[in-house]
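A short worksheet on the structure shown next.
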Amino acid sequence: MLSRQYVREHPGEVREILAARGVTDVDLDEILEIDEEWRELKARGDDLRHERNEVSSKIGELKQAGDEEAAQEAIERSQELKAELQDVEQRADELETELEERLLEIPNIPQEGVPEGEDESDNVEVRRWGFDQLRDLPDEVTPHYDLGEQLDILDFERGAKVSGGGFYFLKGEAARLEHALIQFMRDVHREQDYQEVFPPIPVNSESMTGTGQLPKFADDAYKLEDEDLWLCPTAEVPVTNMYRDEILLADDLPLKHQAYTPNFRQEAGEHGTETRGMVRVHQFNKVELVNFVEPAESDERLEGLLDEAEAVLRRLGLPYRVLDLCTGDLTFASAKTYDIEVWAPGDDMDDGPAEGGRWLEVSSASNFEDFQARRAGLRYRPERHESADYLHTLNASGVALPRVLVAILEYYQNDDGTVTVPEALVPYMDGAERIEGSEKVGESALGAGDRD
RNA sequence: GCCAGGAUGGCCGAACGGUAAGGCGCACGCCUGGAAAGCGUGUUCCCCUUCGGGAUUCUGGGUUCAAAUCCCAGUCCUGGCGCCA
């Protein structure tokens, strides 16, 4: 959330960022009018209340002096003021509530230096890694969804039967690989001085508002019936809100937390070849990195955070690229974001690299500056005697699991249809170096000739 | 789930219908050869350029001229009982 004072004093800048982000449903003029009117009423209410306070304290004095007549007179005056005050303050309260609600819908201001642009095609590629010495791939790389079914380690059909479209089973070696990846990532981040937390998975509306998922993006999340609880859409929500309405000490910062959680997203209307398989699903695992820092440190920390997330892919030997997101593609709460996209060679897409295949976003590293801190009441005390100030929050995935699994199944694929386990993961797989699949179960497999 | 008690500034803690004591911590000043102690000032948010004013005792309602204080509802905490993987 932007501060009321900032919006009041810099309407021009706010108008510019709304345009740059392509936001059309925020009426800034109306917001400024509401603020103006609220301040007028507030001043009038304050004056009335001042008068009432004076009258009221006089009543106490008169009563104690025993002057009942004068006290009665003052009581009557006080009653008059009360009625008038009620009117003015009620209207002021309504306006203030309205103002707060409107402010919650204004996105963050992009930092200077964020590329201007309308959509993802205007994002700027910062660097590529791993393309200098690619491993030998099969002539035709089988997409992960086909390979996964051949090896019988991914099962989308049964996932849909049990829970619906967009859910899947990981079976055998894929399930094992999933757990191995989680443990591996946790270890990598622990080495980077991340303190681990395991948060609650359902989160309340206040938390969802604190990080910016609410009020605008309610449709993306799963809500529990009859409860003020939502299924965690990203660990950013519980972890950032962990210190909501608290004051941290300057000595506590920078505070780095990592959290593994499952994540749930509705992803309404996203179906097609681009999202086939595990690329866009309703439930997925992720290790999330959340940083709380002093305002002056946040720009530098974003670069560090990005590197910490990239380290996962480098150690897995997976080629990737880094994008600097343009103003039109920034998420609601972010002032600056880098995306990390891993290379998945299985499906050729128009916007993929020259080597073929496609890019899959596995992490967004964002600096939210004080946007979330303001919403969630996250403050720190710069010096012991100074008043508390909003701190800065940042986060990045480190990283989202299903798409990494996709990249592994496709990039580490061998001619014979097996998959080599990335060296860094072998210790987490009890020394297993290769994924060979398992025999299918059930009568349907027999009928399809997949089993003798 | 039931019963009882509780929630006051960064922290501790009083006031229990008359307009929020005191202490600790922290900062600044005075004092001092220097330090400690002592003394003074400050240490939440909002409006107002200044002066100043308003709000704020967990949250929301109510009673009252006046609510930290009384009443109702809720949230959370503590203890006891019950239930439970």
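First the proteins, then the strands, lettered A, B, ... as listed; each starts at 1.
For the segment residues 42-51 of chain A, the set of residues with a heavy atom within less than 4.0 Å of an atom of RNA chain B comprises A:Lys42, A:Asp46, A:Arg49, A:His50, in numerical order.
Using a 4.0 Å cut-off, no side-chain N or O of A:Arg77 falls inside it from OP1 or OP2 of B:rC65. An OP1 or OP2 oxygen of B:rC47 is reached within less than 4.0 angstrom by a side-chain nitrogen or oxygen of A:Arg8. At the phosphate of B:rG18, neither OP1 nor OP2 sits under 4.0 Å from any side-chain N or O atom of A:Lys58.
As judged by a 4.0 angstrom heavy-atom cut-off over every strand, A:Glu96 is placed among residues making no nucleic acid contact.
If you take atom C1' in B:rG42 and the same atom in B:rG9, they sit 14 Å apart, rounded to whole Å. Spacing of C1' atoms, B:rU8 relative to B:rG13, comes out at 9 Å, to the nearest Å. Comparing B:rU63 with B:rA73, their C1' atoms sit 15 Å apart, to the nearest whole Å. Rounded to the nearest Å, the gap between the P atom of B:rU44 and that of B:rG82 is 48 Å. Rounded to a whole angstrom, the distance from the P atom of B:rG23 to that of B:rU41 is 12 Å. Atom name P, nucleotides B:rU69 and B:rA7: the rounded distance is 11 Å, in whole Å.
For A:Leu62 and B:rA66, the CG to P distance is 16 Å, given to the nearest whole Å. When rounded to the nearest whole Å, the span between CD of A:Glu89 and P of B:rG60 equals 14 Å. Spacing between atom CD1 of A:Ile247 and atom P of B:rC11 amounts to 8 Å, rounded to whole angstrom units. Residue A:Glu206 contributes atom CD, which lies 12 Å from atom P of B:rU59 at whole-angstrom precision. As rounded to whole Å, 13 Å separates atom C1' of B:rG61 from atom CD of A:Gln86. Between the CD atom of A:Glu80 and the C1' atom of B:rA66 there is a distance of 16 Å, rounded to whole Å.
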Exercise. I would like to know whether A:Tyr243 and A:His257 meet ring-ring contact (aromatic ring centres under 6.0 Å, His included); could you show each step before the answer?
Key: CA-CA 12 Å; A:Tyr243 301 109; A:His257 282 306; 5.8 Å; yes
Self-check item: Step-by-step side chain to side chain contact (heavy atoms under 4.5 Å, CB included) determination, A:Leu378 to A:Asp245
Solution: CA-CA 6 Å; A:Leu378 292 165; A:Asp245 297 324; over 6 Å; no
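Both A:Ala388 and A:Glu54 lie close to RNA chain B; mapped to their nearest nucleotides by heavy-atom distance, the more 5′-ward contact belongs to A:Ala388. Toward the 5′ end of RNA chain B lies the nearest nucleotide of A:Gln5, the other residue of the pair A:Gln5 and A:Ile59 mapping further downstream.
For the residue pair A:Thr418/A:Arg434, the side-chain donor-acceptor check at 3.5 Å is satisfied. Of the N and O atoms on the side chains of A:Gln372 and A:Arg375, not one donor lies less than 3.5 Å from an acceptor on the other residue. Side chain to side chain, A:Asn204 and A:Asp228 fail the donor-acceptor criterion of an N or O pair below 3.5 Å. A donor-acceptor pair shorter than 3.5 Å cannot be found between the side chains of A:Tyr380 and A:Asp252.
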Quiz item: Can you give the dot-bracket line for RNA chain B, where a pair is Watson-Crick or G-U wobble with both atom distances under 3.5 Å, crossing pairs use [ ], and | marks a partner on another strand?
Solution: (((((((..(((.....[...)))((((((.......))))))((((....))))..(((((..]....))))))))))))....
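Listed candidates were B:rC47, B:rA66, B:rG54. Nearest to the side chain of A:Asn53 is B:rG54.
Interatomic distance, A:Asp155 CG to A:Ile153 CD1, rounded to the nearest 0.5 Å: 11.0 Å.
In this structure A:Glu369 satisfies the side-chain hydrogen bond (donor to acceptor under 3.5 Å, both in side chains) test together with A:Gln111, sequence neighbours excluded.
With A:Tyr338 as the aromatic partner, A:Lys336 meets the cation-pi criteria of under 6.0 angstrom to the ring centre and within 45 degrees of the ring axis. Both tests hold for A:Arg4 against A:Trp38: distance to the six-membered ring centre under 6.0 Å, angle to the ring axis within 45°.
A donor-acceptor contact under 3.5 Å is not formed by the side chain of A:Ser387 with the base of B:rU43.
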